[in-house]
Amino acid sequence: MTKLATNISLVEHLFMDIWFNIPKELSEVILQAAAEIPYFDKSFNPDIRTTDPRFGDFQANGVLSWGKNVGQNPRQVAQKLMETVEQLGILDPTLVGYEIAGPGFINFQLTTKFLLSWLKRYRKEDDLKTAAGDIYRGKRIVVDFSSPNSSKQMHVGHIRSIVIGEAICRLLTFCGAYVIRDNHIGDWGTQYGILMMAIKRFDYNLKAPHKNPLNDFETLYREGNALVEKDQKVGEKAREELVKLQNGDLDSLSLWKEINKISLQALQEIYDLLDIHFDETLGESYYRDQLNRVYQELIETGIAEESQGALVVFHREHSRYKTQPFIIRKSDGASLYSTTDLATILYRHEHFQADEINYVVDSRQSDHFEQLFLTVRKWFFAKGIPLPKLKHISFGTILGEDRKAIKTRSGEQIKLKDLLNEAVHRAFNIVCKKKNPDLTNEEYKDISHVVGIGAVRYADLMQNRTSDYVFSWDKLLSFEGNTAPYLLYAVARIYSIFRRAKLQPGSNENNASEFETETEIALAQKLIQFVTVLEQTVNDLRPHFLCTYLYELSGLFSAFYNADKVLISNQKIRSRRLLLCARTLTVLETGLHLLGLNTLAKM
RNA sequence: GCGGGAGUAGCUCAGUGGAUAGAGCAGCGGUUUUCUAAACCGUUGGUCGGGAGUUCGAAUCUCCCCUCCCGUACCA
């Protein structure tokens, strides 16, 4: 072993030891020094974060507040700290430089030697996969997303749950979690009462061939609902239909099955377009035999009570939910989504051993989830069941140009299928107009699909998920700004360089010299920040952090591409620039894949 | 009424209690015998809704007020 070690060159040794998670390591260094200084104690947090490039790569802000606490000049505290670091010899000045600035910031600047070593050491997607550390290592996480109502078509609003949900699944998997994608279809609720009433009343023949049955269902539902609102007797009839179904009436069940079959086929078309694959599609109906246990246990534990004929949960300790009930059984005896949601959590605990359940659902349902989570906490506590971590990953509404929830000109919902097809179609027109002459018709088709679908997904993910956002075709398909086409174009150009050089990305890097130009250094600095950004993205499950980073990275790559020609005769320079291209490609593709986008070698 | 979210450049949006608040679009001005110009570079543009407070330091935290959106007992 010793002999082997001595045979490893100094340089190789350095590559093996190069820090991966830099802010974490810098933090360690500072804490080590702080341990030697009397006026620091364990509560000291160096507070390392990325900084404005003109100050360096990372800054430590912790001494500012600490100096104040212990009655010392923060600048002198920083000074003392860094002197100690030097005495201990725990920061290699050939790798990391530092400077004390302003009132007591410690700015760290990675040397070009460090940057090159880092990029030589962490080359591929797998190397980056350890990035988010052990945050979710070994955890079993159910992600409940998409979860549309059956018997209705998906419209634009449904895309957020799908796209954000899928991105979150990929991020969690990347961080070591075992993810269960569960599509919790709404197939057991009140809408069935109305729909089935309408089918019978309007004599709609399910067995006969129909051009667009889901459209018919929607019309039937709409007209049925209008009747319900007008006529109490019709409303009663609809509620009866639901109760009959929920009580297992055979005719009702077979009608329900037929509706569901047709619905699921239509939903599948969308999932195919978006390349979404669920591990489970357990709708509300799946839990219908488990609802009695919910009623029973919640009554027996005194959590639920009768109110106005319904079975409800009040949370006395809560300012609002002490009077705003969580209804788990309607006065007519029917269950609702609160009931099935309760049963579902129990199932996910017992069957999947879920450590965590994430619900990717519209923020308008936050009251429901707050009440649901409060109820489960009490229920599981009373029964001695370990409580999984429950999270509502909420998101805002997609708005039209008029800043109201997006609709067609005539005021109808925009069908998701139409939107996706239009995206591909528009992408096709753009790609064709620009005409890359080397491409075949087949390639145009592929590119249109990847760009069109990717653009819609990216436009959604690049927004802070908790905010509403304004939908704009021009913006999401533009090659300028924070868009999928811009990022995909950057990827395609990198591939093009390697094609031109007749090389595989990642090869011919051995002669790489240290970075010299401003654009090279800026790009290298950005690349190493991937780790930090990924951590932030995963901590908050906010994909837009990653999007912003990828966009900035692409911008720096474009600047580099424009300023520094890669395929030149000087082998040392060429080699290091090829390395930058290959690593940018790795990070961009890793990031885009995490977001659920495909990438292209040509466009 | 209560609760949640939002209010940052003309428009669409970023912004971890830190340094001179940033992008993109739009506007103005440049760059192509050079690896995909679908690109790049420069420039104009701000009472961070208003007011008070906490802090060495506030777009960010606390309180009050204004405007808009959403939710608020048998839909999901």
Side-chain angles (χ1 to χ4, degrees), chain A residues 47 49-52 54-55 59 61 64-65 67-68 74 101-105 107 147-149 152 186 189-191 193-194 225 239 284 307-312 319-321 323-332 334 336-338 341 361-368 370 394 396-397 399 401 403-405 430-431 433-436 438 451 462-464 466-470 472 474-475 478-483 485-486 488-490 492-501 532 536 539-540 544-545 547-548 551-552 555 558-568 577 581 602-603:
Chain A
D47 190 14
R49 59 186 60 199
T50 51
T51 188
D52 191 306
R54 65 180 179 251
F55 301 129
Q59 62 179 85
N61 294 341
L64 280 160
S65 50
K68 180 78 181 167
F105 299 108
N107 294 329
S147 306
N149 277 335
K152 286 183 184 168
T190 308
Q191 83 270 16
I194 294 171
N225 200 38
R239 279 189 291 277
E284 292 172 344
S307 172
Q308 299 175 24
L311 188 63
V312 308
S319 60
R320 244 168 347 114
Y321 304 138
T323 51
Q324 182 182 324
F326 187 55
I327 302 171
I328 61 173
R329 190 175 61 202
K330 301 203 280 187
S331 47
D332 62 12
L336 3 68
Y337 75 136
S338 52
D341 271 358
V361 180
D362 195 313
S363 61
R364 284 175 287 203
Q365 291 189 41
S366 54
D367 274 11
H368 167 74
E370 273 183 59
S394 68
T397 310
L399 307 174
E401 308 273 0
R403 308 229 51 172
K404 290 186 178 155
I430 291 170
V431 171
K433 204 166 64 188
K434 298 297 177 186
K435 278 212 197 326
N436 183 338
D438 307 332
V451 172
M462 57 83 78
Q463 302 284 340
N464 187 346
T466 51
S467 309
D468 297 347
Y469 75 92
V470 176
S472 154
D474 291 342
K475 225 162 261 176
S478 168
F479 278 80
E480 290 164 346
N482 192 358
T483 66
Y486 180 80
L488 293 173
Y489 180 62
R493 284 205 294 187
I494 299 174
Y495 274 114
S496 179
I497 291 172
F498 285 103
R499 267 199 306 276
R500 188 63 70 107
T532 314
Q536 285 167 354
N539 279 335
D540 270 16
H544 84 282
F545 290 156
C547 293
T548 303
Y551 171 57
E552 287 168 357
S558 288
F560 156 77
Y561 178 90
N562 214 260
D564 301 322
K565 189 161 166 59
V566 177
L567 302 179
I568 53 175
R577 290 183 181 166
C581 289
K602 285 182 188 174
M603 63 186 282

Should B/U32 form a Watson-Crick or G-U wobble pair with both distances under 3.5 Å, which nucleotide is its partner?
none

Minimum heavy-atom separation for A/C581 to A/F560, with atom names?
SG-CE2, 4.0 Å

Does A/K68 have a side-chain nitrogen or oxygen under 4.0 Å from the phosphate oxygens OP1 or OP2 of B/C56?
yes

When both distances are under 3.5 Å in a Watson-Crick or G-U wobble arrangement, the nucleotide paired with B/U47 is none

Does A/R577 reach the side chain of A/I497, with side-chain heavy atoms less than 4.5 Å apart?
no

It should be established whether A/H544 places a side-chain nitrogen or oxygen under 4.0 Å from OP1 or OP2 of nucleotide B/G15.
yes

When you check the phosphate oxygens OP1 and OP2 of B/C11, does a side-chain N or O of A/R403 lie under 4.0 Å from one of them?
no

Nucleotide opposite B/A9 in a Watson-Crick or G-U pair, distances under 3.5 Å
none

Report yes or no: is the ring centroid of A/F479 under 5.5 Å from the six-membered base ring centroid of B/A39, with the two planes under 30 degrees?
no

Is the side chain of A/S363 donor-acceptor paired with the backbone N or O of A/G396 at a distance under 3.5 Å, no angle test?
no

Using the P atom as the reference point in each nucleotide, state the distance between B/A6 and B/U60 in Å, no decimals.
13 Å

Mind checking A/A492 for me? I need base, sugar-phosphate or nothing, with any heavy atom below 4.0 Å counting as a touch.
base

OP1 or OP2 of B/A14 under 4.0 Å from side-chain N/O of A/S467
yes

Using both distances under 3.5 Å as the test, list the Watson-Crick or G-U wobble partner of B/U20, or none.
none

State which of B/A19, B/C40, B/C35 makes the closest approach to the side chain of A/S558.
B/C40

Could you let me know what B/C2 is paired to, Watson-Crick or G-U wobble, both distances under 3.5 Å, or none if it's on its own?
B/G71

Using both distances under 3.5 Å as the test, list the Watson-Crick or G-U wobble partner of B/A58, or none.
none

Using a heavy-atom cut-off of 4.0 Å across all strands, would you classify A/L336 as base, sugar-phosphate, or nothing?
sugar-phosphate

Could you tell me whether the side chains of A/D367 and A/Y321 share a donor-acceptor contact shorter than 3.5 Å?
yes

Phosphate contact (B/C40 OP1 or OP2) by A/Y486 side-chain N/O below 4.0 Å:
yes

Over all strands shown, is A/T50 touching base, sugar-phosphate only, or nothing at heavy-atom distances under 4.0 angstrom?
base

Short side-chain N/O contact from A/R493 to OP1 or OP2 of B/A37, under 4.0 Å:
yes

Partner of A/N482 under side-chain contact (heavy atoms from CB on, under 4.5 Å), picked from A/Q463, A/K475, A/H544, A/M462, is A/M462

Verify, without hydrogens or angle tests, whether A/T397 (side chain) and A/A405 (backbone) share a donor-acceptor contact under 3.5 angstrom.
no

Which one is paired to B/A76, where only Watson-Crick or G-U wobble pairs with both distances under 3.5 angstrom count?
none

Classify the side chain of A/T190 and the base of B/A76 as holding, or not holding, a donor-acceptor pair under 3.5 Å.
no

Heavy atoms under 4.0 Å, any strand shown: does A/K404 hit a base, just sugar-phosphate, or nothing?
nothing

Between B/G1 and A/R320, is there an OP1 or OP2 to side-chain N/O distance shorter than 4.0 Å?
no

Look at the side chain of A/N107 against the base of B/A19 and say whether a donor-acceptor pair falls under 3.5 Å; ignore hydrogens and angles.
yes

For A/F105, report the nucleic acid contact type (base, sugar-phosphate, nothing); a contact means any heavy atom under 4.0 Å.
base

